[in-house]
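Here, residue 1 is the first one in the sequence, and each next residue gets the next number.
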Amino acid sequence: MKASEDSRSLRFFETVLELKEMHSGLGLTLLSVAVLTVPIPAQPVPETFTLNVPDGPISSKSGSSISLLCQVSPTFNIEPFEVKWYRFDEVNKPTLWYKDHKIQEAIMDPRFKGRVSLTGGLERGIASLRLERVTLEDSGEFVCYINNNNWYEKTCVVLAVSVIGSQPVISVAEARGGGQVNVTCSSEGWSPQPKVTWRNKEGTEITNGQEVQNTTDSQGLVSVSSWLLFSPSESDWLSCIVFLSDEWKTEGRILPVLPGGDYKKGFTVNQVLLVVLPVLFLVIIICALCFIIVFKRKGQIDQGLNVAETKRLIKENPVQSPANQTTSDNKDKLEENPVQSPANLTTTDNKDKPEENPVQSPANLTTIDNEDKPEENPVQSPANLTTTDNKDKPEGNTVQTPANPTTADNQVDLQGPENPVQSPANLTTTDNEDKLEDLLLGKKVKEEHITTDAKTASLAIRLSQKGKRVQYVKAKDKPDLQQSIHVLGNKGFDSGQHYWKVKIQDDDRKEEKLAWYLGVTKENAQCPLTPQNGFWVLFYEKEVGLHVYVDSVKTPTRQTTPTTVCVFLDCDKHTLSFYDADSGSLLYTFNDVKTTDTLYPVFSPGKRDPQPLKIY
């Protein structure tokens, strides 16, 4: 193609014809000027060249980035050339236009502004188109056009964008007769049309009786439904796999048993539980009643023995009361002889007095009824003193304190293995870590020591301190084109209980952390960051506070600003909880973290400040 050269030749011959009618000297002068004004290339380039592009379509997943290769052959520097990329039927709305050593953004297609760039190196003859955040609307033919005013070439590159649909939803319905069930698998939001495969526990593909139905919505996305008849005795569970390729697929599993169903395998798990649980509950109640009856009978026998022994002691050593003294009923006294203190006197230590010789109280004293006191020797308080209620104290010698005096001298008696020291009221527990663990499961759970996986980090994230420090770093003179800025942990979990801690705000740092989010995600999850797309995360923004996404709706949670967050994942119960590690209080819990994929911790420092997150 030499369109520019042919046009120049035509103009040259027209000039010669005009010069024939003019003076010969003047004609030669004008001819010399015309020749001198023809542009001479700054460096030698081939007279012709071709463009090399991929032979077939280039596949990309929605939301990812892709490069469309375009290279001149033979290889030479094309920096002075004009490079234009445009959709096949939109030549006047270029996707990208490079001319005069710079990108001409004025007439570029607005749909691609901020998402396209040249890559590969023009000095090496490569003018590939880099396309960020690919969407389904980007599918189609792109034209690569290169021109140097002497020669131009253009060729097409086909981009095929795929969209991964939702996690399969599997349901079981009763079939008519034959002891079979009707199992249905549904998934939506695919492009192009996906395939469906059923497999049993052994991994064998099931093809008998399978039916598939596809529907397309207004956006061109495909919803697929598949169902089959299945005998529950053939396998423990079924797997439904919806896929475009081996890399782009989703899977769901189910135990195909109806509640209360009567199949060849015998009783179902629900039937067994309905029988076993009531029987177990009844056995526990009977054992508890037997224990209470035996305990009461033992207490009555011991009390009868004590009464008989007390009567014998009274007969051998009767208490003679002086005039005007009120005698108390000592029939039910215990084996040990209580020491009675006289009125207005300080209680003396009578621990070593003989059991048979109780001390008689003087006149005008009222004997305290000791019917319900323990077997050990209680020390009775003198008259006009207030008796301390020691009913709930341990089995050691109970000490009664007089009214108004300070009980500091009795603190020694409360110590020791029989009398533990009680903490005062309003005592604040400082060990928040143990408190937090009690809130989690009521038992010790091993803390996971997690670092970040650098291969999963966004371009605007800097990792340091062996992957324990995550910081947002915005590149100079480049706009931040990523919607989500995060990095995944180096460990994944699909069973058991796990927790880890993240430091949000340092105590010695005055700047406040303006935004962040934490949680877990599946390895191939896509934006937006919602549970439906495989993200279970807790967000924080200064103006909004803590919030989560429930059914794709932003939902505020407890309004607090934690400095350290504990993330607790219970894969067996399908829950994810967030705690304020400083106070031990619960921030939020996801109760439906149900997935067969491995879950990975996700850490984001946000895009609003450079303050880092620190992983314990």
Interatomic spacing from CZ in Arg469 to NZ in Lys503 - rounded to 0.5 Å: 14.0 Å
- prompt: Considering residues, nucleotides and ligands other than Glu105, do more than 12 of their heavy atoms fall under 6.0 Å from its CD?
  reply: no
message: Test your reading of the model: is there a side-chain donor-acceptor pair from Asn533 to the backbone of Pro528, 3.5 Å cut-off?
response: yes
message: So Trp190 and Ile164, do their side chains get closer than 4.5 Å, heavy atoms only?
response: yes
task: Mind listing the closest non-hydrogen atom pair of Lys113 and Met108 along with its distance?
output: CE-O, 3.8 Å
message: Do Lys513 and Asp609 have side chains that approach each other closer than 4.5 Å (heavy atoms only, starting at C-beta)?
response: yes
field: Minimum heavy-atom distance between Leu244 and Val163, given as atom pair plus value
entry: CD1-O, 4.0 Å
- request: Would you check if the side chain of Thr521 reaches a backbone N or O of Gly519 as a donor-acceptor pair within less than 3.5 Å?
  value: no
statement: Note: Ser604 and Leu613 closest approach over all heavy atoms is O-CD1, 3.1 Å
Check against side chain to side chain contact (heavy atoms under 4.5 Å, CB included), Ile58 and Phe142: CA-CA 11 Å; Ile58 298 178; Phe142 287 81; over 6 Å; no
Exam field: side chain Thr595 to backbone Asp597, donor-acceptor pair closer than 3.5 Å: yes
query: Could you give the distance from CG (Leu159) to OG (Ser59), rounded to the nearest 0.5 Å?
result: 8.0 Å
task: Using the disulfide (SG to SG under 2.5 Å) rule, take Cys70 and Cys144 through it: C-alpha gap first, then chi angles, then the decisive distance, then the call.
output: CA-CA 7 Å; Cys70 182; Cys144 176; 2.1 Å; yes
- prompt: Between CG of Leu546 and OG1 of Thr555, what distance do you get to the nearest 0.5 Å?
  reply: 13.0 Å
query: Is the backbone of Val553 close enough, under 3.5 Å, to the side chain of Asp551 for a donor and an acceptor to pair up by distance?
result: no
task: Flag the pair Val196 / Ile241 as yes when at least one side-chain heavy-atom distance between them is below 4.5 Å, and no otherwise.
output: no
task: Please name the residue in the list Gln505, Glu512, Glu511 that meets the side chain to side chain contact (heavy atoms under 4.5 Å, CB included) test with Gln611.
output: Glu511
- prompt: Counting heavy atoms not belonging to Lys594, are there more than 12 under 6.0 Å from its NZ?
  reply: no
- prompt: Are the gamma sulfurs of Cys240 and Cys185 separated by less than 2.5 Å?
  reply: yes
field: Any Tyr517 side-chain heavy atom under 4.5 Å of Leu529 side chain
entry: yes
message: Counting neighbours of CZ on Arg462 that are heavy atoms of other residues, nucleotides or ligands and sit closer than 6.0 Å, is the number greater than 12?
response: no
task: For the pair Val172 and Phe230, evaluate side chain to side chain contact (heavy atoms under 4.5 Å, CB included) and give the outcome as yes or no after the intermediate values.
output: CA-CA 10 Å; Val172 180; Phe230 186 76; over 6 Å; no
query: With no hydrogens and no angle check, do the side chains of Ser226 and Trp198 hold a donor and an acceptor under 3.5 Å apart?
result: yes
Val224 side chain reached by Ser187 side chain, heavy atoms, under 4.5 Å: yes
message: Using 0.5 Å steps for rounding, measure from the CG atom of Leu255 to the CD1 atom of Ile170.
response: 11.5 Å
query: Taking everything shown except Asp572 itself, do over 12 heavy atoms lie less than 6.0 Å from its CG?
result: yes
Neighbour count >12 (heavy atoms, 6.0 Å) for atom CD, Gln167: yes
Non-hydrogen atoms of Ser223 and Gly189 that approach each other most closely: OG-N, 4.3 Å
- request: Could you tell me which non-hydrogen atom of Lys554 sits nearest to which non-hydrogen atom of Pro556, and how far apart they are?
  value: O-CD, 4.0 Å
message: I need the single residue from Thr530, Leu518, Val520, Val602 that forms a side chain to side chain contact (heavy atoms under 4.5 Å, CB included) with Val537. Which is it?
response: Val602
task: Say whether, by atom type as modelled, one donor and one acceptor occur between the side chain of Asp570 and the main chain of Lys573 under 3.5 angstrom.
output: yes
Side-chain H-bond candidate by donor/acceptor type, Ser464 with Gln471, under 3.5 Å: no
Test item: Arg115 side-chain N/O and Leu131 main-chain N/O as donor-acceptor pair under 3.5 Å: no
- prompt: When you measure from the side chain of Thr564 to the backbone N and O of Asp582, does any donor-acceptor pair fall under 3.5 Å?
  reply: no
- prompt: Should Tyr540 and Ile504 count as side-chain neighbours, where that means a heavy-atom distance under 4.5 Å?
  reply: no
message: Just verifying a value: how many Å separate Ser577 OG and Asn591 CG, rounded to the nearest 0.5 Å?
response: 7.5 Å
- request: For Phe535 and Ala525, work out which heavy atoms get closest and say how close.
  value: CE1-CB, 3.4 Å
- prompt: Does Asp580 reach the main-chain N or O of Pro562 with its side chain, forming a donor-acceptor pair under 3.5 Å?
  reply: no
- prompt: What is the distance from atom CZ of Phe112 to atom CG of Asp138, rounded to the nearest 0.5 Å?
  reply: 5.0 Å
- request: Check whether any side-chain N or O of Thr184 sits under 3.5 Å from a backbone N or O of Trp227 as a donor-acceptor pair, and report yes or no.
  value: no
query: Should the pair Phe493 and His498 be assigned to parallel (<30°), tilted (30 to 60°) or perpendicular (>60°) ring geometry?
result: parallel
query: Just checking, is any N or O donor in the side chain of Arg130 or Ser67 under 3.5 Å from an acceptor N or O on the other one?
result: yes
query: Ignoring hydrogens and geometry, is there a side-chain-to-backbone donor-acceptor pair from Thr456 to Leu488 under 3.5 Å?
result: yes
message: For a side chain to side chain contact (heavy atoms under 4.5 Å, CB included) check, start with the C-alpha distance between Val53 and Leu69, then their side-chain angles and the critical distance, and finish with the verdict.
response: CA-CA 6 Å; Val53 296; Leu69 177 63; 6.0 Å; no
- request: Check whether any side-chain heavy atom of Val502 sits under 4.5 Å from a side-chain heavy atom of Trp516, and report yes or no.
  value: no
query: Ion pair present between Lys249 and Glu251, side-chain N to carboxylate O less than 4.0 angstrom?
result: no
Near-ring test Phe539/Tyr549, centroid separation under 6.0 angstrom: yes
- prompt: If we only count heavy atoms from C-beta on, is the Val470 to Thr452 side-chain gap below 4.5 Å?
  reply: yes
- request: Evaluate the criterion side chain to side chain contact (heavy atoms under 4.5 Å, CB included) for residue pair Lys195 and Val242; output intermediate values, then yes/no.
  value: CA-CA 6 Å; Lys195 298 180 181 179; Val242 186; over 6 Å; no
